[in-house]
Amino acid sequence: MKNNIASEKFGFSTRAIHAGQEPSPGVHAIMTPIYQTSTYVQTSPGVYSGYDYGRTNNPTRTALEENIAALERAKFGICFASGCAAIDAIMHLLVSGDHVVCCDDVYGGTFRLFENIFSKMGLSYSYVDLRSLEKLEAAITPQTKLIWVESPTNPLLKVIDIEMVSDVAQKNKLKVVVDNTFASPYLQNPLELGASLVLHSSTKYIGGHSDVIGGVVLVNDETLAERLYYIQNAVGAVPAPLDCFLLLRSTKTLAIRMESHCRNAQEIAEFLLRRDDIEKVIYPGLPSHPDYKVVTKQMRAGGGMVSFVVAGGESRARSFLEKVKLFSLAESLGGVESLIEHPAIMTHASIPQAVREKLGITGGFVRTSVGIEDVGDLISDLATALDASKRLS
Ligand code: PLP
């Protein structure tokens, strides 16, 4: 660490604004420069100041890695070109024959990597509802090496008890990975709950402005970190210096953005609950959420994602989604602007219909990433579009 801002005594925003960063060498720029370079000059063969080649390391990336590590209270952060590249790096910790127990409502891109890339290379996966201790224990085999948790899940917003899963993992000498993308480091810190690795698609809340693709893995174990840095360099899916700079700028406002996301999402969830044309509202911050007890134990607030089911099925949902004006109909999440989407047709179309229906991702199912606009405007946009689609359907 360049400074000691990562230490226990500093609050989240202090760490976000200062950790990993110090005035630049020479001119003392307060912002970490974008070191847009592919190589570094050596004073004698093999003698250099810690940086030898841009794929291997870069000072802007180092600052970002230290910064996000401080946010997750991790010792090490390893950044990648995307969340999927970060998932790929974790899979490279395994060898042919290894087995992974994975939550059943995992991000579609993770499922695609597991099933269409790594299962062809000898890894195998079981998908179970990891909220159930019995199902988790039953899925573990002598070949199991890893338990893959996403919490809250996408788009059903199930909340998995990370401490419970980590206890089982410890008893069975397994590692737990938590994809913490939906919660962000502000709302949940899985390493403190017993997980061995945390992963973020920094494209989402960490970036927060819908203008960067990135990923990061956080660990405390030095051997694991060394292996991940090795994979980062060997595979080469590294983030560009400009993207690291943008992410460093973004983390400075993560706390205030998350506070706004959560406040707006809570109000929107409560508004939807009051409408009789909404069949179901799923939001981890609602006491009616089936995993609310776990939410209050491991999350600081309910997050910025709200899923709901409109009465009237797919045709009503389509009509509603065509009418929203402030919510943009788009995939992705975690940006300052509100997004809305239809998982069955958009993000989760690759999941067979029968499986989707069984999970509850029906024709009327809608997912929103609630932004930080004025919540009154957001609610009025939803109300107008819901009223107009009700009349048409
Ligand atoms: N994990 C989760 C939960 C996601 O939602 C996503 C992307 O949507 C990813 C990982 C992959 O991240 P990226 O799109 O940055 O590769």
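Just follow the structure's listing: the first ligand is 1, and inside any ligand the first atom is 1.
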### Message
Can you tell me how far apart CG (Leu247) and CZ (Arg61) are? Round to the nearest 0.5 Å.
### Response
12.5 Å

#### Entry: Presence of salt bridge, Lys297 and Glu163, under 4.0 angstrom
yes

### Task
May I ask you to decide whether Asp104 forms a salt bridge with Lys158, counting only side-chain N to carboxylate O separations under 4.0 Å?
yes

### Message
Looking at Lys293 and Asp161, is any side-chain nitrogen of the basic one under 4.0 Å from a carboxylate oxygen of the acidic one?
### Response
no

Which pairs of N or O atoms, one from ligand 1 and one from the protein, are separated by less than 3.5 Å, and what is the distance for each pair?
unit_1	atom_1	unit_2	atom_2	d
ligand 1	1 (N)	Asp179	OD2	2.6
ligand 1	8 (O)	Lys204	NZ	2.7
ligand 1	12 (O)	Ser201	OG	3.0
ligand 1	15 (O)	Gly83	N	2.9
ligand 1	15 (O)	Ser201	OG	2.8
ligand 1	15 (O)	Thr203	OG1	2.6
ligand 1	16 (O)	Gly83	N	3.1
ligand 1	16 (O)	Cys84	N	2.9

### Message
Around atom CZ of Arg275, are there more than 12 heavy atoms from other residues, nucleotides or ligands closer than 6.0 Å?
### Response
yes

### Message
Taking the side chain as everything from C-beta on, heavy atoms only, tell me whether Glu72 gets closer than 4.5 Å to Gln188.
### Response
no

